[in-house]
2 protein chains.
Amino acid sequence: MDVLNLMRRHGIQPTPQRLAVAEHVLSARAHLTADRVWERVRRKCPTVSRATVYNTLNLLVKKGLLRTQILKEGTVVFDSHVEAHHHFVDVQTGRIYDIPWNAIRVSGHAALRGFDVREYQVILRGRRRAK
Amino acid sequence: MDVLNLMRRHGIQPTPQRLAVAEHVLSARAHLTADRVWERVRRKCPTVSRATVYNTLNLLVKKGLLRTQILKEGTVVFDSHVEAHHHFVDVQTGRIYDIPWNAIRVSGHAALRGFDVREYQVILRGRRRAK
DNA sequence: TGGCGGAATAGACTATGTCTAAAACACGAC
DNA sequence: GTCGTGTTTTAGACATAGTCTATTCCGCCA
């Protein structure tokens with residue numbers, strides 16, 4: 001995937017630091033926290049500052065390349081899967097799994113009086129099974 | 001409601017501090033953060049320490065009188081409504097509303113291969129209407 | 001070469017939450 | 001009553017997440 005062009009097409013001025021962050025976070029299949037991204041990007045590019053990582057992640061969110069999800073205590077995680085979907089959280093490991101939108105059906109949300117629902121998702125918690 | 005007996009029945013040694021915390025958080029219809037509880041309890045009982053409020057809230061959770069919910073960035077909120085239900089978050093005000101379990105139906109979660117789902121809820125985001 | 005504007009940097013700052021060591025307290029044995 | 005043991009409370013240190021600010025850096029254009 002050509003992250004450089006992806007960035008340009010979304011109106012993001014590419015810089016080496018931004019590219020390093022974007023490449024890491026967009027290719028990660030896990031749901032990373034900002035500091036975890038910083039940790040990893042620094043391995044390739046040890047001079048990158050924490051502020052730049054935070055700024056870049058927030059920029060990627062604003063430009064629609066990334067979404068934030070509130071699934072863990074105390075921290076936001078970044079999800080490169082930007083289309084609507086659900087989440088499963090393993091209560092032991094903390095690991096987060098994407099659940100395809102069509103795997104679960106929700107009904108009744110449209111009939112709620114007094115609430116203008118713009119988006120929703122199901123959050124499931126439990127244990128991942130061997131298979 | 002007799003919070004004192006409620007605590008005793010749940011195996012919590014009552015103390016003045018614990019009682020003050022429990023009375024506040026159990027009667028609140030809003031979803032409070034720990035520091036918000038501290039703030040309020042201190043108005044009645046100015047010597048209570050932050051650690052005690054945190055300890056008490058965690059104890060109430062452990063004993064099943066309270067639940068934590070992960071709905072806002074950066075902080076946990078405490079919910080005195082311990083039975084299963086869903087949540088609506090107003091994206092402007094940040095206010096959280098409980099949605100009764102029966103108002104929304106979810107299907108398909110039992111058929112997920114490889115996931116042992118212990119609990120789930122729907123999180124809705126949007127705007128509360130005047131109504 | 002000089003200047004301009006955006007980006008990156010270090011570090012300060014705030015907030016949430018946990019932990020630790022010491023003091024306070026409750027309660028039973030004597 | 002006094003002592004000793006347990007548990008609770010307390011203040012403050014610590015850890016982590018996240019934002020902000022002031023300065024430096026860098027690319028680009030005249």
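Protein chains get the first letters and strands the later ones, always in sequence-line order, with residue 1 at the start of each.
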Complementary nucleotide of D:dA15, counting Watson-Crick and G-U pairs under 3.5 Å: C:dT16
Let me know the distance between CG of A:Leu32 and P of D:dA17, rounded to the nearest Å. 13 Å
Would a 4.5 Å heavy-atom cut-off, applied to side chains only, mark B:Arg9 and B:Leu6 as touching? yes
Rounded to whole Å, please give me the gap between CD1 in B:Ile12 and P in D:dT8. 11 Å
Given atom CD of A:Glu39 and atom P of D:dT16, what is their separation to the nearest angstrom? 11 Å
Rounded to whole Å, the NZ-P distance (B:Lys62 to C:dT18) equals 13 Å
Indicate yes or no: does A:Asp98 engage A:Arg29 in a salt bridge with an N to O separation below 4.0 Å. no
Heavy atoms of other groups near B:Arg105 CZ, more than 12 under 6.0 Å: no
Measure CD/B:Glu73 against C1'/D:dT19 and give the value in whole Å, please. 12 Å
Which is it for D:dG27, anti or syn, if anything within 90° of zero counts as syn? anti
Does B:Tyr54 put a side-chain nitrogen or oxygen below 4.0 Å from OP1 or OP2 of C:dT18? no
Measure CG/B:Leu59 against C1'/D:dT8 and give the value in whole Å, please. 11 Å
Taken to the nearest whole Å, CE/B:Met7 to P/D:dT8 is 10 Å
Nearest to the side chain of A:Asn58, which nucleotide is it out of D:dT19, D:dG18, C:dG17? D:dT19
Cation-pi check, B:Arg128 onto A:Phe115 ring (under 6.0 Å, within 45° of axis): yes
Within the sub-3.5 Å range, which N or O atoms of nucleotides 4-11 of chain C have a protein N or O partner, and how far apart are they?
unit_1: C:dA7; atom_1: OP1; unit_2: A:Arg18; atom_2: NH1; d: 3.3
unit_1: C:dA8; atom_1: OP1; unit_2: A:Thr15; atom_2: OG1; d: 2.5
unit_1: C:dA8; atom_1: OP1; unit_2: A:Gln17; atom_2: OE1; d: 3.4
unit_1: C:dA8; atom_1: O3'; unit_2: A:Gln17; atom_2: NE2; d: 3.0
unit_1: C:dT9; atom_1: OP1; unit_2: A:Thr47; atom_2: O; d: 2.9
unit_1: C:dT9; atom_1: OP2; unit_2: A:Ser49; atom_2: N; d: 3.0
unit_1: C:dT9; atom_1: OP2; unit_2: A:Thr52; atom_2: OG1; d: 3.0

For the pair made of CH2 in A:Trp38 and P in D:dG18, what is the distance, rounded to whole Å? 13 Å
Under the side-chain hydrogen bond (donor to acceptor under 3.5 Å, both in side chains) criterion, do A:His85 and A:Glu83 qualify, and how do the steps go? CA-CA 6 Å; A:His85 61 286; A:Glu83 310 85 57; over 6 Å; no
For C:dA7, which nucleotide in any strand shown is its Watson-Crick or wobble partner with both distances under 3.5 Å? D:dT24
Exceeds 12 heavy-atom contacts within 6.0 angstrom, atom CZ of A:Arg67: yes
Which label fits A:Tyr120 and A:His109: parallel for a plane angle under 30°, tilted from 30 to 60°, or perpendicular past 60°? tilted
